[in-house]
Amino acid sequence: MLDRTFIRENLDRVAEKLSQRGYDFERETFRQLDDEEKEVRLEWEELRAKRNKTSDQIAQVKRSGGDASPQIEEMKQVGARIKELDGRLAELAQSMEDFLLTIPNLCHDSVPPGEDESANQEMRTFGEPRAFDFPIKDHVELGEDLGILDLQRAGKIAGARFAVYLGAGARLEHALARFMLDVHTKEHGYTEVLPPYINNRNAFVGTGQLPKFEQDLFKLEGHDFYLVPTAEVPVTNLLAQEILEEENLPISLTAYTPCFRSEAGSYGKDTRGLIRQHQFNKVELVKFARADDSYQQLEQLTSDAESILQRLELPYRVVTLCSGDTGFSSAKTYDLEVWIPSQNTYREISSCSNFEDFQARRASIRYRPSDAKKTRHVHTLNGSGLAVGRTWVALLENFQEADGTVLIPQALRPYMDGLERITVENGLKL
RNA sequence: GGAGGAGUAGCGAAGUGGACGUAACGCGCCCGACUCGAAAUCGGGUUGUCAGGUGAUGAGCUUGGCACGUGGGUUCGAAUCCCACCUCCUCCGCCA
């Protein structure tokens, strides 16, 4: 959520910035709501002040044994008017809130303007896509042939866009997650969090998934609960409504959770395999940082995520998303894209964003800067470190051998009980 | 799911319709005094938020509103009475 005072004082600039990301900011709606609320609030406050004062007088009169009925009569009128204004004020405040909650964040000045992903900017690449001297298989074929992945049977128990991992396939998923968590907690200074996978509406408003993107979520029927689409939601909201000590910043948390996404409207996209699933696992990195430190932390968080790809020897590139491609809540986003041989292209495997104070304002997460008395909203950041399912895909495809087996990168072998290669022996073929 | 109890400042805790919620009292923390220094002692300070005024759209000062778990209600007036919800504790049931 943008700061209301900031909008008020920078109407033109806000409108211009928002148009860069394809959002049409209704200046008049804002001005009207803002003015009217202010007017009503003023009268409301004046009346409350009067009532407070008169109530004290009534108390005094009564204490000294006098008759306070004229004042009481008068306050009955005032009370009725206050009640009227209460309702009107609540209405206006709600309208303003609804209006503000659907406005996306402003992009940082370093974000390249552009409408869609074609304007994204490649920052750097790591590794070389491998040249295969045999016909390659994609991860579905590899996984099914090895007996470590079953999409058919997943359809029986769940449906399309679900998967079942078997044998070394299941083990590989866990190994990747454990490996990532170990690197982030032992080497990058993150603390692991294991949150609930079902969160309430409030948490989703805090990080910006609601009220605008309800159709992307799985909602529990009859409850005010949703399945988390990313650990960003529970982990960021963990500190909602809190005032943090500056000396504790930055706070770096990591969480391994399943992620549930309805993927409504994505039918026909990535229909084959594990790339786009209703349920997948992800190790998430979340940071709470000082306002003046958050962009440095974004670089750090991105490099923390990159280090996983490097250790797994997977070729990837880093791109800066242009204004039109940047997510609703984000001010700046770097995507990490891993090389997928069967598609002959780089595919997103992590999205690292600085939300500045956009989420912190919604969730009310503040800190006390040491040089000032007033509190200030923290800057929140997050990024995948990494999406485990897509890492599984990248690993199978990039490390496949001519005989259909898959080598396991050195860094991961300790997590696979020393297994060096996945063969049909490690799967379940029925 | 049922029955009871509890949520007040960083922590503990008093207040149970009006007599200052910046809210008793205690602890902690900050500043100062005493001291060579420390401890002890003494003095002072120590919630957030919104709006108006002043100021430079800063720091600060100032006036007022709001907040005693959350949201409603009763009342001239609610931390205090009533209702609903949330969280925690105890017991019963059920369960991993």
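Just so we're clear, the structure is a prediction, and the values are computed from it rather than from any experiment. In the text below, chain A, chain B and the rest are named by the order of the sequence lines, each starting its count at 1.
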Can you tell me how far [atom1] in [N] sits from the matching atom in [M], rounded to whole Å?
| N | M | atom1 | answer |
| --- | --- | --- | --- |
| B:U74 | B:G17 | C1' | 12 Å |
| B:C76 | B:U90 | P | 43 Å |
| B:G5 | B:C83 | P | 12 Å |
| B:A96 | B:C86 | C1' | 25 Å |
| B:C29 | B:A40 | P | 10 Å |
| B:C89 | B:A23 | P | 33 Å |
| B:U80 | B:G73 | C1' | 15 Å |
| B:C94 | B:G18 | C1' | 49 Å |

Rounded to whole Å, please give me the gap between [atom1] in [X] and [atom2] in [N].
| X | N | atom1 | atom2 | answer |
| --- | --- | --- | --- | --- |
| A:Ile243 | B:C29 | CD1 | P | 21 Å |
| A:Met96 | B:A51 | CE | P | 11 Å |
| A:Asn202 | B:G69 | CG | P | 19 Å |
| A:Glu36 | B:A51 | CD | C1' | 17 Å |
| A:Leu42 | B:G64 | CG | C1' | 10 Å |
| A:Asp35 | B:A51 | CG | C1' | 14 Å |
| A:Leu47 | B:A51 | CG | C1' | 15 Å |
| A:Ile82 | B:G72 | CD1 | P | 15 Å |

Nucleotide paired to [N] in any strand shown, Watson-Crick or G-U, under 3.5 Å:
| N | value |
| --- | --- |
| B:G10 | B:C27 |
| B:A38 | none |
| B:G60 | B:U54 |
| B:G4 | B:C89 |
| B:A67 | B:U47 |
| B:C94 | none |
| B:U80 | none |

Looking only at the aromatic ring of each residue, does the gap between the centers of A:Phe358 and A:His377 stay below 6.0 angstrom? no
By salt bridge (Lys or Arg N to Asp or Glu O under 4.0 Å), A:Glu117 pairs with (sequence neighbours left out) none
Sequence neighbours excluded, the answer for salt bridge (Lys or Arg N to Asp or Glu O under 4.0 Å) partners of A:Arg261 is none
Notebook entry, point to check: Are A:Glu187 and A:Arg311 within salt-bridge range, i.e. N to O under 4.0 Å?
Noted result: yes
Distance only, no hydrogens: is a donor on one side chain within 3.5 Å (strictly under) of an acceptor on the other, for [X] and [Y]?
| X | Y | value |
| --- | --- | --- |
| A:Asn105 | A:Ser329 | no |
| A:Thr326 | A:Lys332 | no |
| A:Asp304 | A:Tyr190 | yes |
| A:His379 | A:Glu356 | no |

What pairs of nitrogen or oxygen atoms, one from the protein and one from nucleotides 75-85 of chain B, lie under 3.5 Å apart?
residue, atom, partner, partner atom, Å
B:C76, O4', A:Ile72, O, 3.4
B:G77, OP1, A:Arg51, NH1, 3.2
B:G77, O4', A:Ser55, OG, 3.4

Q. OP1 or OP2 of B:U49 less than 4.0 angstrom from a side-chain nitrogen or oxygen of A:Arg366, does that happen here?
A. yes
Closest of B:G48, B:A51, B:G65 to the A:Arg8 side chain is B:A51
A:Trp44 has its side chain closest, among B:C66, B:A51, B:U49, to B:C66
* Asked: Taking it one step at a time, do A:Arg178 and A:Glu192 satisfy salt bridge (Lys or Arg N to Asp or Glu O under 4.0 Å)?
  -> CA-CA 11 Å; A:Arg178 193 63 255 165; A:Glu192 186 177 350; 3.8 Å; yes
Ranking A:Glu9 and A:Glu45 by the position along RNA chain B of their nearest nucleotide, the one closer to 5' is A:Glu9
Closest to the 5' end of RNA chain B, once A:Lys50 and A:Lys38 are matched to their nearest nucleotides, is A:Lys38
(Q) What's A:Asn52 touching, base or sugar-phosphate or nothing? Going by heavy atoms closer than 4.0 Å. (A) sugar-phosphate
